[in-house]
A.B. asks: 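Quick one: the structure is below, questions incoming.
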Amino acid sequence: MSLASQNPSSLDLAYRVQSEAVAARFTKLHTRPVILQAEHLSCEFDSERGRVTALRDINVSIHRRELMCVIGPSGCGKSTFARVIAGLQPVSAGRILVDGQPVNGPGPDRGMVFQGYTLFPWLTLTQNVRFGLDMQGRSDGPADREARQWLDLVGLGKFHDSYPHQLSGGMKQRVAIARALAAGPKILLMDEPFGALDPSTRAQMQAHLLEIWRNVDITIVFITHDMDEAILLADRILVLKANPGEVQEFIEVPVPRPRRLDQFATPEFQAMRKHLDSLIHPAPSAGAPDHAPLPFIRLTQAGDDVE
Amino acid sequence: MPLFAVRREPPARYRWLLWVLAFALPLAMWSAISYVPWLWHPQVKITDAGSVAWIKPGLRLDRADFQAQVTKASSAGLVPPSGEPANPLYLPPPHAVGRALYGAFTTPPTLKGDLWLHESIVMSIKTIFLGFALSSFVALPLGLLCGSYPALSRMTEPFVDFVRYMPAPAFGALMVAIFGIHLEPKIGIVFLGTFFTQVLVTAGTVRRVDPALLEAAQTLGAKRGLLVRRVILPACLPDLYNDTRILIGCAWTYLVVAEVVGVSSGITFFINQQAKYRNFDNVYAAIMIIGLIGLATDQLLSFIGARLFGWKLTRRSRTRTFFAWLVAPAKANPSSIRV
Ligand SMILES: Nc1ncnc2c1ncn2[C@@H]1O[C@H](COP(=O)(O)OP(=O)(O)OP(=O)(O)O)[C@@H](O)[C@H]1O
Ligand SMILES: [Mg+2]
């Protein structure tokens, strides 16, 4: 990591300090087998403005049952990263390995939860959750039972036979998680899955996700642009920078587990938060001011001021 | 809430009223033109010939001609003809058409061996049903595949587009040469008229399926055939159903052309026959019957569609519950399916 390129205020290394328990956790994590590996991964798009490099030379290794968050400014290629892993987006160079096998095309070993709602509107919740099992050719009875268990697990036991349009946004995302998990993936990709939810539902969903992650054998790649969310959830945070999307830093989160919402106030959390802030919103001195005053003329009457 | 608001559905209690108005307004206009003597009425219908030899009661003359006759007769010292304002024969008043509508079903055909009106209608419906069913039978699967596999679409659609621009009636003589003069060439023309459009429309609808659903299904392990059958097809089924509904109207257009090919038949034959006898009230009656059949089919299909694809709506639907029960009687019974 090139700390020299950071401006002085972000040289605060408090976020690197780990308690013994946390350090032990990471030591253990690093001994687990690598399940997902990106090697010299690049991804380019052709657009009217010429070639856009969404991702450039990404090298990352993720261990089994790790929860990794990807964070970065808008347009830095977070979604592209998730889609490349899912196999929905072809790469321009490099490759993705899952359990040592190169990825080509989507497959049920990598489940995905999207930011938008992608439940099948013509199927009941049980049928939605069953979809992955059906694709594997599982027989009706057991598949149905398993789907219902997954729905129970995400707290929607009462809605087995409802249709997606009868649910709230948070409920839909819970079904989407259940549906992805029911297919039995090794890796769960989540692209800003809670982005459209209100703050309290969102907090609930985060707690829920941590709970599921603890109980299910799954490795999670969680995309977000919310720093608190990333710190709350992640073992490690992959920070991307924009234009082109490159790895800025791959950070071990020093906040101990189990995570709770009241850890926001702890020094580890604050140190981490401060560091992320400095990475994603560099101090204005680094370049042109971010917020030049808008070229506004007064459109209200004199004396009718609100400030 | 105001009745007329931009992009805002009117209150439910007004919907029936608006539906009735949709028909009442044109009818009122037609009645006004027919019954209010100073509206339009460009002709004069003779009631009394006076002493002009060649004029008979019941004859319709243009108003100017009539005036000329009156002036001529008066200046010659003869009794001028008299008459009342009238519309041309081709615009009969509503009551005459109403009477014809009733009479059409109760009057036996003029020529022995000709068909009763209802028999003609049945024949038309048969032609259109067979032609359209045949077209749908091929076009829906083909369109589904074209919409799903871009390579296939690139391979077929240029040709489909090419043929689509050839007017189906142009194939009339060819159809007769191939299929003879009875029902078959007519079915062929209805088929040709709808098939190519139906392929393109279907493929277009299939292409509009939300790609996010496809991606989601792919991450759940769906591939190729399963992706088409289990995701694309159910996702676009309601829209395909609607397309089909609209295309039936298109098939009726070709029916009229088809029925004059070979041995003229069906409702078109009836219309042409009546026009020849200048029974325009019967002509209107027959045209209206086509309209009524179309409207009834459409309303029925729309009613069934709304029930069948209730997941597109939020309303509770008994029909869909029933169909769900028909399809999966072992798994569920109607009362346990929550909709
Ligand atoms: N299909 C595409 N065609 C062309 N350019 C694309 C396409 N998809 C993404 N891009 C470009 O790639 C870059 C990364 O996009 P991406 O959607 O991955 O960003 P992101 O980090 O997810 O942003 P956000 O936080 O707003 O969701 C952007 O500059 C975008 O313009
Ligand atoms: Mg994104």
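In what follows, chains carry the letters A, B, and so on, assigned in the order in which the sequence lines appear, proteins first and then strands, with residues in each chain numbered from 1. Hydrogens, waters and symmetry mates play no part in the numbers below; they use all other heavy atoms, side chains included. Just so it is clear, the model here is predicted, and its values are computed rather than measured.
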A.B. asks: Specify which of A:Gly107, A:Ala183, A:Gly116 makes the most heavy-atom pairs with chain B at under 4.5 Å.
C.D. replies: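 Among A:Gly107, A:Ala183, A:Gly116, the one with the most close pairs to chain B is A:Gly107.
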A.B. asks: Please report the closest heavy-atom contact between B:Ala216 and A:Arg179, naming both atoms and the distance.
C.D. replies: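 In this case the closest contact between B:Ala216 and A:Arg179 is CB-NH2, 3.6 Å.
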A.B. asks: Hey, is CG on A:Asn104 packed in by over 12 heavy atoms from elsewhere, all under 6.0 Å?
C.D. replies: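 At most 12 heavy atoms, drawn from other residues, nucleotides or ligands, come within 6.0 Å of this atom.
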A.B. asks: Provide the closest heavy-atom pair for B:Thr219 versus A:Ala86 in the form atom of the first, atom of the second, distance.
C.D. replies: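 Smallest interatomic distance, heavy atoms only, reads CG2-CB, 4.4 Å.
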A.B. asks: Against chain A, label B:Leu213 side chain, backbone, both or neither, depending on which of its atoms sit under 4.5 Å from a heavy atom there.
C.D. replies: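 Answer is both: backbone and side chain atoms of B:Leu213 are under 4.5 Å from chain A.
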A.B. asks: Would the number of heavy atoms belonging to other residues, nucleotides or ligands and lying under 6.0 Å from OH of B:Tyr149 be above 12?
C.D. replies: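 Yes - once you tally the heavy atoms of other residues, nucleotides and ligands closer than 6.0 Å, there are more than 12.
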A.B. asks: Counting only non-hydrogen atoms closer than 4.5 Å, does A:Leu119 touch chain B with its backbone (N, CA, C, O), its side chain (CB onward), both, or neither?
C.D. replies: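 For A:Leu119, the backbone is the part near chain B, not the side chain.
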A.B. asks: Do B:Glu215 and A:Thr118 make a side-chain contact, defined as non-hydrogen atoms from C-beta onward lying under 4.5 Å apart?
C.D. replies: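 The answer is no; the side chains never approach within 4.5 Å.
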A.B. asks: Who wins among B:Leu237, B:Val231, B:Leu226, B:Asp210 for the most heavy-atom pairs under 4.5 Å with chain A?
C.D. replies: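 Winner by heavy-atom pair count: B:Val231.
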A.B. asks: Is there a side chain to side chain contact (heavy atoms under 4.5 Å, CB included) between B:Arg230 and A:Phe131 once you walk through the steps?
C.D. replies: CA-CA 9 Å; B:Arg230 297 288 301 273; A:Phe131 190 87; 4.1 Å; yes
A.B. asks: Can you tell me which portion of A:Arg83 sits under 4.5 Å from chain B's heavy atoms? Options are side chain, backbone, both or neither.
C.D. replies: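 The answer is the side chain of A:Arg83.
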A.B. asks: Please say whether more than 12 non-hydrogen atoms of neighbouring residues, nucleotides or ligands are located less than 6.0 Å from CZ in A:Arg51.
C.D. replies: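 Result for CZ/A:Arg51: enclosed.
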A.B. asks: At a heavy-atom separation under 4.5 Å, does A:Asp134 approach chain B through its side chain, its backbone, both, or neither?
C.D. replies: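 For A:Asp134, the contact with chain B is made by the side chain alone.
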